[in-house]
Protein chains: 2
Amino acid sequence: MISADVPDIIIGRLPVYLRALNLLLEEGREIIASQELADKLGISSAQIRKDLSHFGEFGKQGTGYEIKYLREQLRKILKVDRELDVALVGAGDLGHAIAHHGNFDRNGFHIVAVFDHNPQKIGANMGRFQILGSESMPTVIQEMGIQLAIIAVPADSAQQVADILIKAGVRAILSYAPITLNVPSKVRVQYIDPVVHLQRMTYYL
Amino acid sequence: MISADVPDIIIGRLPVYLRALNLLLEEGREIIASQELADKLGISSAQIRKDLSHFGEFGKQGTGYEIKYLREQLRKILKVDRELDVALVGAGDLGHAIAHHGNFDRNGFHIVAVFDHNPQKIGANMGRFQILGSESMPTVIQEMGIQLAIIAVPADSAQQVADILIKAGVRAILSYAPITLNVPSKVRVQYIDPVVHLQRMTYYL
DNA sequence: TAGATTGTTAATCGATTAACAATC
DNA sequence: TAGATTGTTAATCGATTAACAATC
C-alpha cells in the first residue's frame, strides 16, 4: 500500500465502490468479480482493477474479490474505518434534513454540533441537538478538534462561515451553498448544488 | 452554435459558469474576462475559453465577456431559458427540504407534483403541495408531460421508483438515494449522496 | 495607436481500456 | 488439470494547457 500520490479522480470512485460492496454484503454475497461490480456501476472492469491496484492486491485470480475483505481495505484507505465528528452550520430546512438523515451516523459521520446565527433559533432544540450561536463556532470546533464541517447556510454567508471554520481547524467542507468557495489548498471542499445537477441534464432533453 | 457532440465533462461545467455569472450580475458587474472568472472558480482561463468555443464566440478581444449576454447564451445552450416541471418522489424530511428550497423555483425548476407511498402521508399537505399516492405516478407524469424527476426515497425502493418514472416518460433523474441506478442510456441520472462526498475528502485528512 | 483579451492551434498531460501473462 | 479472473503493461483515447495570431 505504497500510495505515493493517487489521482483525485480515483479517490472519488472508491466511495462508490464501497457503497456497492456494502449493498452486496447486505444481500448476503461473499465474493464478487470486477466484471460484475463494473456492470452494476456502469463502468469497465479494467478501471476497477486499475483503481484498486494503486493501493495493493485485494483479489484472487480465477475467483474475484472477497467482499468483506475488500470493504475493510477500502474503509482503511478512505479513513472511514473510524468514527468522525462533523459540525453542521445552518439550522434551516436543509440543516434539519441533514441532521436527521440517518445515513451519516450509519457511516461513522457523527454530527456533534449545530450552529446558526439566527437569535430566534439559538438555544432552541433541533431534534437531539441544541442549536449553538455562530460566535461559539471557533471555540467549540477547536476544543472538540472537529475536522469536518457541513455548510447549509445561504450563499451570501457561506464564504464567511467557511473562513471561520477553516481558521478554527476544519480541513474538509461539504457545502450546500450555491457558490464556489475560496479556500487554501490544504482544505478540501465538495459541493452539493441540486440546481447545478439538474442543469447538467437539461442540455440533453 | 454547431455543437455536434460536446463532451459531457464540458456540459458539466457550464452550470457552474452560469451560477458565477448570475452572482456577478447581482453584484452589478457588466463585463468579465476569462481570467477573472477562472480565478473565482479555481480553474484555468484557457479552459473557460475552450469550453465556450464549442458553442460559438461570445467574447470580445481586448475586453472580455458581456456578462448578461453570455448568461443568456449559456441558458439557451443548457435549455434552462424556460420553465421546467419537476416531479418529486418521497415526502420525508429530505423531500420536505427539497420542496421548500426556493432555489429550484428561482432557477426555473418548478416542482409540480409530490409523491409518496406511505398511506399516512397520501392526501396530506406538505407546504403548498398535496401529497399524491405512488400509484398515480404513471398517469400524472404522463398527462403533465413531466420530463424531470427528483428521487428522495430510501435506497431499497429507488430502483423501482426510477423504473416507473422512466416508463412514464421521465428523461432525467436527480437521485438522492445511495445506490447506482440502472437506467437505459437515453435517460440521464445525477446523484447526490452526501456520505460519498464526505468520504471523498476523509482520504486527505 | 497601444494594450488587453479572445478564439484556436498544437503540445502536453493524464485517464481509460484492451489484452494477456500470471496464477488461483 | 481446465477455467476463470486478477494485476499490469502498453496503446489508445481524451482533456487540459501554453502560446500566440487575430482583433477589439
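Here is the naming used below: chain letters follow the sequence lines, and residue numbers restart at 1 for every chain. Everything numeric here is computed off the predicted structure, so don't read it as measured data.
The closest donor-acceptor contact from the side chain of Ser45(B) to the backbone of Ser34(B) lies at 3.5 Å or more, if one exists at all. A donor-acceptor contact shorter than 3.5 Å links the side chain of Asp116(A) to the backbone of Asn118(A). Within the 3.5 Å criterion, the main-chain N or O of Ala172(A) finds no donor-acceptor partner in the side chain of Arg188(A).
Between the side chains of Arg106(A) and Asn103(A), at least one donor-acceptor pair of N or O atoms lies under 3.5 Å. With no hydrogens or angles considered, a side-chain donor-acceptor pair links Gln35(A) and Asp39(A) at under 3.5 Å. Inspection of the Gln159(B) and Asp163(B) side chains reveals an N or O donor paired with an N or O acceptor under 3.5 Å.
Take the nearest nucleotide of DNA chain C for Lys60(A) and for Ile10(A): the residue whose nucleotide is more 5' is Ile10(A). DNA chain D is contacted by both Lys50(A) and Gln61(A); Gln61(A) maps to the nucleotide lying nearer its 5′ end (nearest heavy atom per residue).
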side-chain contact (heavy atoms from CB on, under 4.5 Å) between Leu37(B) and Tyr65(B), intermediate numbers included: CA-CA 10 Å; Leu37(B) 187 56; Tyr65(B) 299 88; over 6 Å; no

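Using a 4.0 Å heavy-atom cutoff across all strands shown, Ser34(A) reaches sugar-phosphate atoms only and no base atom.
Across Val153(A), Ile150(A), Asp193(A), a single residue satisfies side chain to side chain contact (heavy atoms under 4.5 Å, CB included) together with Tyr176(A), and that is Ile150(A).
A 4.0 Å heavy-atom criterion places the boundary nucleotides of DNA chain D facing chain B at dA15(D) to dC24(D), written 5' to 3'.
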Pairing string, 5' to 3', for DNA chain D - Watson-Crick or wobble contacts under 3.5 Å, brackets [ ] where pairs cross, | to another strand: ..||||||||||||||||||||||

